[in-house]
Amino acid sequence: MCGIFGVHGVPEATNCVHLGLYSLQHRGQESSGVVTVDEHGTARALRAMGLVSEGIDGRSLSELPGDVGIGHTRYSTAGTSTIENAQPVLARFRDGHIALAHNGNLVNATELRRELEDVGSIFSSTMDSEVLVHRIAKSRREKPEERLADALQGVEGAFSLLVIIGDTLMAARDPRGWRPLVIGRLADGWVVASETCALDLVGATFERDVERGEIITIDRDGIRSTFPFEAHDPRRCVFEYVYFARPDSRIWGGSVDRARRELGRQLAREQPAPNADLVFAVPDSANSAAVGYAEESGLPFELALIRNHYVGRTFIQPSQAGRDAKVKVKYNAVREVLNGKRVVMVDDSIVRGTTTRGLVALVRAAGAREVHMRVSSHPITGPCYYGIDTPSREELIAANLGVEDIARHIGVDSLGYLSLDGMLGAVPGGPDGFCHACFSGDYPTPPPADPNKLRFGCGC
Ligand code: AMP
């Protein structure tokens with residue numbers, strides 16, 4: 001998953017993009033980058049590993065002048081975490097430069113890449129997104145938006161994209177619309193971002209969503225829109241509402257906070273815990289759902305788990321002992337809240353069950369008498385091919401164990417998930433129009449020929 005942010009007609013674009021990326025950090029922490037285009041049409045890039053605050057400093061940014069720019073925060077779903085795979089991509093071709101920032105995952109990238117390699121194309125990264133740059137460069141169409149539309153014909157899967165050709169900024173969403181993308185105004189300029197929280201940070205006003213299947217083009221003449229793709233039914237990713245997007249964002253016309261609260265309320269109706277004393281969240285992604293559960297059940301909401309916000313994703317230890325240590329470094333339990341209590345622990349999802357098992361151990365060690373876990377989504381039984389980094393079936397606990405066995409494995413007294421219908425009915429605009437493939441097995445496209453994240457090599 002990734003965060004993308006772009007501006008056109010915004011003085012000192014680089015500073016605005018840099019700021020915008022801070023609020024999209026939750027969508028990707030592996031690398032970040034900015035590309036700007038100056039008044040002479042020169043494009044420059046800055047990319048770095050790690051968090052925006054770690055990798056991009058003000059002095060380097062001052063070397064990226066211009067009022068047009070795009071940025072990216074990366075969380076890999078195709079290719080490894082290396083600087084070659086950091087975005088935005090910036091490439092030069094016969095008609096100038098192409099800069100591209102991609103959120104989503106292409107399901108036919110293997111075939112598209114093979115086609116290009118067969119005619120001699122070489123690649124400098126192991127990302128699926130690089131095929132798009134080649135296809136844009138190869139197109140014989142004149143206008144930037146026609147060139148982009150041409151390049152995207154036959155590309156299957158999820159893309160919310162920002163592309164710069166010359167000093168024209170384009171924003172595109174695939175026709176099923178898996179990932180969000182919004183447009184805002186900032187003085188006389190335009191801002192495009194994965195989520196509205198990024199518009200808020202830079203002081204832009206929300207204008208509208210980029211529609212699914214739409215290409216928006218912004219140049220010195222203004223803004224225009226085309227719908228060049230074959231129509232498909234909408235398949236917005238329900239997991240954006242469940243886990244991924246920030247609760248202070250509005251995506252697809254709905255508030256993420258309200259969506260999560262409603263998921264929590266529905267969970268309380270479907271999976272009550274009548275004898276419990278209190279409810280708490282696994283912070284931060286389950287906070288709003290736990291508030292909803294507390295509101296609906298009438299149980300008090302407490303802060304029983306504290307998350308350390310200064311632990312980066314770089315703290316990785318593969319051994320089991322290492323995983324337990326990882327949970328302890330990231331979370332601690334509040335004994336004064338938990339001791340002697342029958343508690344409801346709300347989380348938004350269980351993936352492998354590893355973190356959850358460690359958290360339950362912490363909660364018990366802090367004196368909880370009974371632990372009733374409630375999950376504000378349906379069990380995840382399949383991988384995502386459209387941009388969320390869910391592991392293979394072998395690693396997904398709910399693909400291998402039933403609810404009772406999962407409860408035993410993670411060490412809780414009871415475990416309750418939200419039903420599929422309950423989940424889809426609780427989100428804004430539901431129940432139709434969502435992709436729920438990882439929960440239901442109902443995949444909107446054939447699976448990729450090679451779903452392995454490292455299908456184009458390890459990149460190292
Ligand atoms: P685990 O118990 O190891 O399955 O971890 C469960 C936690 O992972 C939950 O708190 C979720 O909020 C979180 N989570 C869900 N999806 C993802 C994801 N794609 N990447 C990272 N964490 C996730």
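Whatever order the structure lists them in is the order used to number ligands and atoms, beginning at 1.
Using a distance-only test at 3.5 Å, with no hydrogens or angles considered, a donor-acceptor pair links the side chain of S377 to the main chain of D348.
Within the 4.0 Å heavy-atom criterion, the part of D347 lying near ligand 1 is the side chain and not the backbone. Looking at Y75 against ligand 1, only its side chain comes within 4.0 Å, counting heavy atoms. Using a 4.0 Å cut-off between heavy atoms, I388 contacts ligand 1 through its side chain alone, with no backbone atom that close. Within the 4.0 Å heavy-atom criterion, the part of S285 lying near ligand 1 is the side chain and not the backbone. Residue F244 does not touch ligand 1, judged by heavy-atom distances below 4.0 Å. Using a 4.0 Å cut-off between heavy atoms, D348 contacts ligand 1 through its side chain alone, with no backbone atom that close.
Of the charged side-chain nitrogens involved, at least one lies within less than 4.0 Å of a carboxylate oxygen, so that R27 and E195 count as a salt-bridged pair.
The contact set between ligand 1 and R352, taken as ligand atoms under 4.0 Å from a residue heavy atom, comprises 1 (P), 4 (O). In the vicinity of G353, heavy-atom distances shorter than 4.0 Å reach the ligand 1 atoms 1 (P), 2 (O), 3 (O), 4 (O). Taking every non-hydrogen atom of T354 and a distance limit under 4.0 Å, the qualifying atoms of ligand 1 come out as 1 (P), 2 (O), 3 (O).
Of the N and O atoms on the side chains of T196 and R246, not one donor lies less than 3.5 Å from an acceptor on the other residue. H309 and D284 share a side-chain donor-acceptor pair at under 3.5 Å.
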Could you list the donor-acceptor pairs under 3.5 angstrom formed by side chains in residues 379-388, with sequence neighbours left out?
residue	atom	partner	partner atom	Å
Y386	OH	T445	N	3.4
Y386	OH	T445	OG1	2.8

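Among the atoms of T355, some N or O lies under 3.5 angstrom from an N or O of ligand 1. Considering backbone and side-chain N/O of V351, one or more are found under 3.5 Å from N/O of ligand 1.
Under the 30°/60° scheme for interplanar angles, the aromatic rings of F229 and F159 are found to stand perpendicular.
Applying the side chain to side chain contact (heavy atoms under 4.5 Å, CB included) test between R135 and each of L152, L148, V155 identifies V155 as the sole match.
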Worksheet item: How far apart are the C-alpha atoms of L267 and E296, what are their side-chain angles, what is the distance that settles it, and do they pass the side chain to side chain contact (heavy atoms under 4.5 Å, CB included) test?
Response: CA-CA 9 Å; L267 182 62; E296 182 68 25; over 6 Å; no

